[in-house]
Protein chains: 2
Amino acid sequence: MVSRKRTSSNEIEDLVLASALQILEERGVEALTVRDIARHAGVAPMGIYNHFAGKLDVVDALVHQGHVQFAETLGRLVPSSPAEHRLIDSGLAYRHFAHDHPRLYQLMFMHSIPSYQPSVETAQAMARSIRVLIDDIEQLQLAGDIRAGDPLAIAQEVWSIVHGYVSLELFTLNFSSTPEETYRQLLDDMMAGLRAR
Amino acid sequence: MVSRKRTSSNEIEDLVLASALQILEERGVEALTVRDIARHAGVAPMGIYNHFAGKLDVVDALVHQGHVQFAETLGRLVPSSPAEHRLIDSGLAYRHFAHDHPRLYQLMFMHSIPSYQPSVETAQAMARSIRVLIDDIEQLQLAGDIRAGDPLAIAQEVWSIVHGYVSLELFTLNFSSTPEETYRQLLDDMMAGLRAR
DNA sequence: CCATATTGTAGAACAACGTGCTACTCTGAG
DNA sequence: CTCAGAGTAGCACGTTGTTCTACAATATGG
């Protein structure tokens with residue numbers, strides 16, 4: 001058997017990512033330092049540089065992982081949901097993901113580390129989530145449930161609405177006393193606005 | 001005449017804020033360092049600490065200034081606009097402000113310095129902008145142009161929609177080839193969804 | 001007009017950060 | 001047992017926010 005990749009390498013990468021994710025979720029972006037990630041993973045700081053190009057590369061791996069998980073979450077509910085409820089259900093799942101992983105959401109969608117720009121592969125992972133949304137919209141248009149128009153543009157509208165609500169609610173200001181119901185109302189108003197007319 | 005406040009103090013504060021704003025707009029949040037602000041203002045680094053509690057206090061003053069300017073921008077167009085177009089016009093003005101001052105917008109609404117939390121006065125300045133929006137919504141409800149419901153909740157919906165679009169467009173992803181028109185379409189769909197029904 | 005208190009400055013210093021270098025240690029394959 | 005390669009510790013550098021100290025300028029009271 002020829003020399004195969006040492007398993008310990010992958011293990012260390014997974015360990016570093018798991019540690020970084022835990023620190024991020026528990027103590028926020030500002031606590032996400034190379035030294036702390038290394039300490040938490042039981043690894044020397046230089047060990048991180050043996051497996052990642054730098055801190056932003058670790059962040060990118062985290063975000064990439066997040067997008068894969070996010071696309072999976074959205075994709076999972078599609079088959080089980082009738083077409084006309086699909087956008088609503090996706091919207092609810094979107095908010096649910098953000099509430100489950102607020103700091104990761106912040107990293108994925110809110111540019112919260114200004115010096116970080118997603119890599120090409122990470123951008124593609126994000127694009128896959130959007131693809132699911134666009135497919136839903138095209139189906140709804142065929143069924144006559146929502147108005148005609150460029151599905152991409154409508155997808156951008158829909159994403160704007162859910163992202164706007166969720167990011168304001170989590171990080172900026174939430175002055176609704178019943179945020180859950182206001183969100184459902186927002187989704188209903190969105191569907192009413194997109195209805196064929 | 002009793003001893004009055006030395007003018008030079010206020011001048012230095014204004015100078016520091018103007019320098020910070022310029023650095024922010026030209027080179028982004030990550031370039032906003034105490035040393036650079038001081039150098040740009042022709043002041044010793046310690047001079048900044050003589051007038052502000054720290055870097056985050058400078059940021060807070062910047063954000064406060066931004067909210068005042070923002071509320072003024074929104075408030076200015078209200079009288080000149082017929083009630084039924086007011087939300088649309090406010091939405092357009094909102095996007096216009098964000099495009100004119102994208103990095104300031106980022107600071108004001110996107111939590112882009114995680115360790116920064118707005119002071120009470122700054123939060124109040126933001127609340128004044130929202131007040132304008134709520135007033136518009138109440139007027140539209142009285143006129144029967146939009147559906148009934150808690151004006152605060154509807155304001156949160158409206159703000160979510162415009163903020164979501166603008167922040168995605170500027171900082172995350174914009175896959176519409178005609179962003180301006182897609183935004184107008186979004187505002188139209190929003191009004192359609194809020195119509196009394 | 002001078003003495004004094006205030007307000008500025010320069011410059012060093014500290015801790016924490018991302019990152020890189022160097023020298024040591026472990027370990028597993030032959 | 002040997003030894004190359006991967007991992008380690010630890011120091012180092014430059015930058016950050018912040019603070020301290022010592023000094024200069026300047027406005028105000030007598």
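To find a chain, count down the sequence lines: A is the first, B the second, and so on, and within it residues start at 1.
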K.L.:
Mind checking side-chain contact (heavy atoms from CB on, under 4.5 Å) for B:Asn174 and listing every partner two or more places apart, or none if nothing turns up?
P.N.:
A:Gln156, B:Glu169, B:Ser176, B:Pro179
K.L.:
Taking DNA chain C as the partner, which of residues 18-36 of chain B come within under 4.0 angstrom of it by heavy atom?
P.N.:
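DNA chain C contact set from residues 18-36 of chain B: B:Arg35.
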K.L.:
Quick one: list whatever passes salt bridge (Lys or Arg N to Asp or Glu O under 4.0 Å) with B:Glu72, sequence neighbours left out.
P.N.:
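B:Glu72: salt bridge (Lys or Arg N to Asp or Glu O under 4.0 Å) contacts with B:Arg76.
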K.L.:
What is the distance, to the nearest angstrom, from the CZ atom on A:Arg39 to the C1' atom on C:dC17?
P.N.:
12 Å
K.L.:
Salt bridge (Lys or Arg N to Asp or Glu O under 4.0 Å) with A:Glu180: which residues, sequence neighbours excluded?
P.N.:
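Only A:Arg95 meet the salt bridge (Lys or Arg N to Asp or Glu O under 4.0 Å) criterion with A:Glu180.
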K.L.:
Restricting to ring pair (Phe, Tyr, Trp, His ring centres under 6.0 Å), what partner residues turn up for A:Phe171, sequence neighbours left out?
P.N.:
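Result, ring pair (Phe, Tyr, Trp, His ring centres under 6.0 Å) vs A:Phe171: B:His111.
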K.L.:
Between C:dA12 atom C1' and B:Tyr49 atom OH, what is the distance in whole Å?
P.N.:
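Between C1' of C:dA12 and OH of B:Tyr49: 15 Å.
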K.L.:
Name the closest nucleotide to the A:Met46 side chain, picking from D:dG7, D:dG17, C:dC21.
P.N.:
C:dC21
K.L.:
Quick one: closest heavy-atom pair of A:Glu84 and A:Leu140, and the distance?
P.N.:
CA-CD2, 3.9 Å
K.L.:
Can you tell me if B:His51 touches the phosphate of C:dG8, counting only side-chain N or O atoms and a distance under 4.0 Å to OP1 or OP2?
P.N.:
yes
K.L.:
In whole angstrom, what separates B:Phe52's CZ from D:dT18's C1'?
P.N.:
16 Å
K.L.:
Return the set of residues passing side-chain contact (heavy atoms from CB on, under 4.5 Å) with B:Thr122 (not counting sequence neighbours), or none when no residue passes.
P.N.:
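Partners of B:Thr122 by the side-chain contact (heavy atoms from CB on, under 4.5 Å) criterion, ordered by chain and then number, come out as B:Asp60, B:Val63, B:His64, B:His67, B:Tyr116, B:Pro118, B:Ser119.
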K.L.:
Are the aromatic ring centres of A:Phe109 and A:Phe70 under 6.0 angstrom apart?
P.N.:
yes
K.L.:
If a pair satisfies ring-ring contact (aromatic ring centres under 6.0 Å, His included) and one of its residues is in residues 174-197 of chain B, list it, with sequence neighbours excluded.
P.N.:
B:Tyr165-B:Tyr183
K.L.:
Atom NZ of B:Lys55 and atom P of C:dA15: how far apart are they, to the nearest Å?
P.N.:
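Between P of C:dA15 and NZ of B:Lys55: 21 Å.
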K.L.:
Go through the structure and list residues passing side-chain contact (heavy atoms from CB on, under 4.5 Å) with A:Asp36, not counting sequence neighbours.
P.N.:
A:Ile23, A:Arg27, A:Thr33, A:Arg39
K.L.:
Could you state the atom-to-atom distance from CG of B:Leu56 to C1' of D:dT18 in whole Å?
P.N.:
12 Å
K.L.:
Given the rule that a pair is Watson-Crick or G-U wobble with both distances under 3.5 Å, how would you write DNA chain D in dot-bracket, using | for pairs to a different strand?
P.N.:
||||||||||||||||||||||||||||||
K.L.:
Between P on C:dT7 and CD on B:Glu13, what's the gap in Å once rounded to a whole number?
P.N.:
12 Å
K.L.:
Tell me the interatomic distance from A:Asn50, atom CG, to C:dG20, atom P, rounded to whole angstroms.
P.N.:
12 Å
